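In what follows, a single structure is set out as structure tokens and then discussed.
Order of listing sets the numbers, starting from 1, for every ligand and every atom in it. The shown structure was predicted, so the numbers you read here are calculated from the model rather than taken from an experiment.
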Amino acid sequence: MTAPHISLTHFLIDEERAGRINADLRLLVEVVARACKRISIAVGKGALGGVLGDAGEAGQASINVQGEAQKKLDVLSNEILLEANAWGGHLAGLASEEMDTSQPIPDKYPQGNYLLLFDPLDGSSNIDVNISVGTIFSVLRCPEGVVSPTDADFLQPGTAQVAAGYCTYGPSTMLVLTVGSGTHAFTLDREVGSFVLTTRGMRIPEETKEFAVNMSNQRFWEAPMQAYVGDLLAGKEGPRGKDFNMRWVASMVADVHRILTRGGIFSYPLDSKCAAKGGKLRLMYEANPMSFLVEQAGGAASTGRQRMLEVQPNGLHQRVPVFLGSKAEVEVAVGYHLRHDAA
Ligand code: P6P
């Protein structure tokens, strides 16, 4: 018997009827999902869409607040998400990797109670070589009584998230979502144009034999990370007593989706190149939403020294070291760091 066809809307209505979300949050998720469908179409056109390559005028790259060259699709994806979320009355403000500061909802539209943060197109350096990229989003409540939120109102720990998700633009387009009651996967039915529930309650295996890290940074890592990965590479003859495999797509959405699907540990640790900035990946719209999804799927997420979701943010674009995935393996990696610090 084929599984019942449950659309994203049907799933969200059921969550609302169960009292786990309200109508505004349901609308927010549906609006973001609709924007992701538009981004999927633009990304899917590739070279035929005239939107590959760097943004900016001829010869003058457009640089974002991160100091990174923007791709045309970064800018387009950001614009799609801004436009989609402006009019619905569900948001008080939004923040993006591509924008220096947060942005209140235009006065001509009603204000809502939620704050939306997103990386509109993560891994965009992979677009020109046709590797999966994705959109990552995180939802917080606007603080009580705040009408026009500022950056400071967004600086809430990951435990305050009410929803999080990503859309991966790969061989299929998939939306992976949590509203605080498990992590669920939806696949875009391109013929109908709607996301269909394909995995209810994703579960990350507790143990793994697969790690994801950019090995070219090894000589720049801290000592505990050198020791941890060195023992992984030693395999069954080493202290771990088993061989490990490695994967690194260099697109966080793709790497995390694989880990949510079959287990593994993902790490972007501190290294001497990025330590001054606090790490490579951003807390508010990369690490926190991914950590919420992973914990809701039975995994763990840490900075290497602290549960990711308990980090108190100090800036909208704050960077952090990231370890997330199979719970037992994350605990092993954290153990190396805590023992090093205690020595
Ligand atoms: P590196 C993409 O630019 C990104 O932000 C993440 O999606 C990805 O995991 C990481 O950076 C890749 O970094 O240094 O391997 O290119």
Side-chain angles (χ1 to χ4, degrees), residues 36 39 43 52-55 61-75 77-78 95-99 117-138 164-170 174 176 210-222 225 229 246-261 264-291 293-294 299 301-304 308 315-325 330 333:
C36 289
I39 295 170
V43 167
L52 293 186
D54 289 346
S62 166
I63 305 298
N64 66 13
V65 65
Q66 320 290 342
E68 296 162 348
Q70 289 181 307
K71 296 290 185 184
K72 289 176 187 167
L73 276 170
D74 282 323
V75 175
S77 301
N78 195 58
S96 166
E97 183 198 53
E98 300 300 336
M99 301 190 309
L117 304 96
F118 52 83
D119 180 353
L121 204 59
D122 181 73
S124 56
S125 57
N126 287 310
I127 288 171
D128 297 349
V129 293
N130 200 25
I131 289 174
S132 297
V133 292
T135 297
I136 310 171
F137 63 93
S138 171
Y166 61 79
C167 193
T168 174
Y169 311 113
M174 292 187 73
V176 176
E210 194 160 76
F211 68 99
V213 69
N214 182 340
M215 285 299 296
S216 72
N217 293 325
Q218 185 177 20
R219 65 188 185 281
F220 302 115
W221 294 335
E222 298 178 89
M225 184 65 184
V229 174
M246 197 203 98
R247 287 285 182 274
W248 186 248
V249 183
S251 177
M252 188 183 196
V253 172
D255 280 314
V256 171
H257 188 71
R258 184 191 59 254
I259 287 166
L260 273 167
T261 305
I265 182 169
F266 171 97
S267 176
Y268 211 110
L270 281 182
D271 62 48
S272 54
K273 296 183 294 177
C274 68
K277 293 181 189 172
K280 159 98 187 226
L281 302 180
R282 276 63 56 142
L283 172 64
M284 298 304 294
Y285 40 79
E286 289 175 335
N288 270 346
M290 291 307 202
S291 298
L293 289 161
V294 162
S302 171
T303 64
M308 188 65 71
L316 200 55
H317 301 293
Q318 177 179 347
R319 297 168 187 257
V320 286
V322 178
F323 295 80
L324 57 79
V330 171

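Taking a heavy-atom cut-off of under 4.0 Å, ligand 1 is surrounded by Asp122, Gly123, Asn214, Trp248, Ala250, Ser251, Met252, Phe266, Tyr268, Lys280, Leu281, Arg282, Glu286.
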Could you pull out every donor-acceptor pair under 3.5 Å between side chains of residues 123-130 and any protein atom, sequence neighbours left out?
unit_1: Ser124; atom_1: OG; unit_2: Asp74; atom_2: OD1; d: 2.9
unit_1: Ser124; atom_1: OG; unit_2: Asp74; atom_2: OD2; d: 3.0
unit_1: Asn126; atom_1: ND2; unit_2: Gly123; atom_2: O; d: 3.3
unit_1: Asn126; atom_1: ND2; unit_2: Ala250; atom_2: O; d: 3.0
unit_1: Asp128; atom_1: OD1; unit_2: Gly53; atom_2: N; d: 3.2
unit_1: Asp128; atom_1: OD2; unit_2: Lys71; atom_2: NZ; d: 3.0

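By the ring pair (Phe, Tyr, Trp, His ring centres under 6.0 Å) test, Phe323 pairs with His337, sequence neighbours left out. Residues passing the ring pair (Phe, Tyr, Trp, His ring centres under 6.0 Å) test with Phe211, sequence neighbours excluded: none.
The nearest pair of heavy atoms linking Gly278 to Pro321 is O-CD, 3.2 Å. Here the closest non-hydrogen pair linking Leu293 and Ala164 is CD2-O, 3.6 Å.
For the residue pair Asn288 and Ser138, no side-chain donor N or O sits within less than 3.5 Å of a side-chain acceptor on the partner.
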